[in-house]
Novice: 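Before I ask anything, here is the structure I am working with.
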Protein chains: 2
Amino acid sequence: MVQGSRVEIVHQALRRAIVEQALEPGAKLPEDAIGERFGVSRTIVRRALERLAAEELVAMQPNRGASVVAPTLEEARDLFEIRMELEDVVVRRLCGRLTAAQIERLKSAVAGEQEAHLQRRRDYIRLSGEFHVILADMTESPMLRRYLRQLVWRSALVLRLHGRPDWEDCNVHEHHALIAALIAGDVEQCRRLMAAHLRAVLTRGLKGGGARSEPSLWDILAVYAAPT
Amino acid sequence: MVQGSRVEIVHQALRRAIVEQALEPGAKLPEDAIGERFGVSRTIVRRALERLAAEELVAMQPNRGASVVAPTLEEARDLFEIRMELEDVVVRRLCGRLTAAQIERLKSAVAGEQEAHLQRRRDYIRLSGEFHVILADMTESPMLRRYLRQLVWRSALVLRLHGRPDWEDCNVHEHHALIAALIAGDVEQCRRLMAAHLRAVLTRGLKGGGARSEPSLWDILAVYAAPT
DNA sequence: CGCTGACAGATCGTATACAATCTGAGTAGA
DNA sequence: TCTACTCAGATTGTATACGATCTGTCAGCG
């Protein structure tokens, strides 16, 4: 009576592991080992990896296997720019139109974030992204939902790779303010808050010369790879 | 010296067949038959189908195999709404910033469309979508490029399913006007033209009670499936 | 006459076998 | 000492075999 096939199970498990940053960017994902761990054959694992590759959470190189993607700084910025555009669409659609039930759902989601943050739980990052996924869901636009999910997932990866380990960058207040503005129904205010929020996430995440941030080989070699 | 693996070949071939509407929406895609046609095993075909499923060009049902998706009218509208948002981003980024080479490329693309249209070639629909893909490419944003490609491909499918077979709905003039506005550099004018263009495509495609448009079973039964 | 259940054919889901490819260690030669 | 080559071990790429599931047909029963 499992709702999902075995491929689905492996797929989602790996995605969670990536989004929650249990699997580091760049980590190798050998088919054999994963298959053994989940008790399935390589066929299943390969299909799950292929799906993750379609979501651009893992990269597959021919004859070299799969590994967790390690987006460059440039890709990270591009990601957030597009995400800002789509989140802008979301707030424009939602502003002043939230039902009581939706408001309740958003508030409990933020409460969950707060708790995870206070307890310094590993899933804080996932939860604080989940807030945006919930917002996207409420637009009832399958496309918006779909694309924003992917962008949010990849964002988590990016922040892990280029971000600081600070527990101080807390989204809870900004999420609260956003909910209030959505209820109030001032579109421009909503857009401003969302844009500011995302910009804050990005700069908090990227700008701080992270204690943890190991620049990727690609970035490192950028200087040295200049022609002639 | 093929650039892509065999999976890639089958994947792209099937996609072209779908986008060019050689494969009707709803068409079954049996793994055996396709494998035999391309001279590969089911393993390869299945992976190609899985990729197409990730792009939402085919739907895979457990134990029922794959078939070309047949988006509902509602999904079609959603698709175009999101596409309009992203195309808006594209023109905002490109307006007044086109290089001479880019202008040349766009013009020759439109010329190609025109030719295909005059000759009533099957690939006209693909080419007229390609114009938008080229624009997206020029933004140099991998994300924008990626998402817009998917949206354009799916658009072709939607227009086939719900559209009229008219050869009169020609995009060439609107594409020309758009290029001119992008060169001129008037952002608001660009946005207006793009929005009008897409709205025109949608209404030309969907509104006209198409001679060919068979409403899907789902739509048909909507009235009859009301509770109690 | 209509319904139920069994069966055959087709199609899909998964595991596994074998070939191809890559990686790194070790060795021979300059 | 350094370079180039070879080869074993590990890992992936692909085909295929076998079991599971679905669909449609047809006989048996009410």
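Below, chain A is the first sequence line, B the second, and so on; all start at residue 1.
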Novice: Using every non-hydrogen atom in the two residues, find where B:L144 and B:R93 come nearest and quote the distance to one decimal.
Specialist: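 What the structure gives for the nearest pair is CD2-CD, 4.3 Å.
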Novice: Between A:R42 and C:dT14, does any side-chain N or O lie under 4.0 Å from OP1 or OP2?
Specialist: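 For A:R42, the contact criterion (side-chain N or O under 4.0 Å from OP1 or OP2 of C:dT14) is not met.
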Novice: Between B:R64 and C:dA10, does any side-chain N or O lie under 4.0 Å from OP1 or OP2?
Specialist: no
Novice: Please report, rounded to the nearest Å, how far the P atom of C:dT11 is from the CE atom of B:M60.
Specialist: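 Those two atoms, CE and P, are 15 Å apart.
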Novice: To the nearest Å, how far apart are A:E36 CD and D:dT11 P?
Specialist: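 Checked: the CD to P distance equals 11 Å.
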Novice: So does A:R42 get a backbone contact from the side chain of A:D32, meaning a donor-acceptor N/O pair under 3.5 Å?
Specialist: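 Here the side-chain-to-backbone pair does not exist.
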Novice: How long is the line joining CZ of A:R47 and P of D:dT12, in whole Å?
Specialist: 18 Å
Novice: Between D:dC22 atom P and B:K28 atom NZ, what is the distance in whole Å?
Specialist: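 After rounding, the gap between these two atoms is 13 Å.
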Novice: Between D:dT16, D:dT12, C:dT14, spot the one nearest the side chain of B:S41, thanks.
Specialist: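 Looking only at side-chain atoms, B:S41 lies closest to D:dT16.
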Novice: Less than 4.0 angstrom between a side-chain N/O of B:T43 and OP1 or OP2 of D:dT14, yes or no?
Specialist: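 B:T43 to D:dT14 OP1/OP2: no side-chain N or O under 4.0 Å.
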Novice: Can you find a heavy atom in the side chain of A:E81 that is under 4.5 Å from one in the side chain of B:S141?
Specialist: no
Novice: Roughly, in whole Å, what's the span from CG in B:D32 to C1' in D:dT16?
Specialist: 12 Å
Novice: Can you check the A:N63 CG to D:dT14 C1' distance for me, whole Å?
Specialist: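 Nearest whole value for this atom pair: 11 Å.
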Novice: Would you mind reading off the distance between A:R6 atom CZ and D:dT21 atom C1', rounded to a whole angstrom?
Specialist: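 Going from CZ in A:R6 over to C1' in D:dT21 covers 14 Å.
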Novice: Within this structure, what is the CZ-to-P distance between A:F38 and C:dA15, rounded to whole angstrom?
Specialist: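 Rounded to whole Å, this separation is 14 Å.
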Novice: May I ask you to test the A:V19-A:I125 pair for a side-chain heavy-atom distance under 4.5 Å?
Specialist: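 In short, these two side chains do not touch, never coming nearer than 4.5 Å.
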Novice: Which residue, A:P62 or A:G39, contacts DNA chain C at a nucleotide closer to its 5' end, judged by nearest heavy atom?
Specialist: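 The residue closer to the strand's 5' end, by nearest nucleotide, is A:G39.
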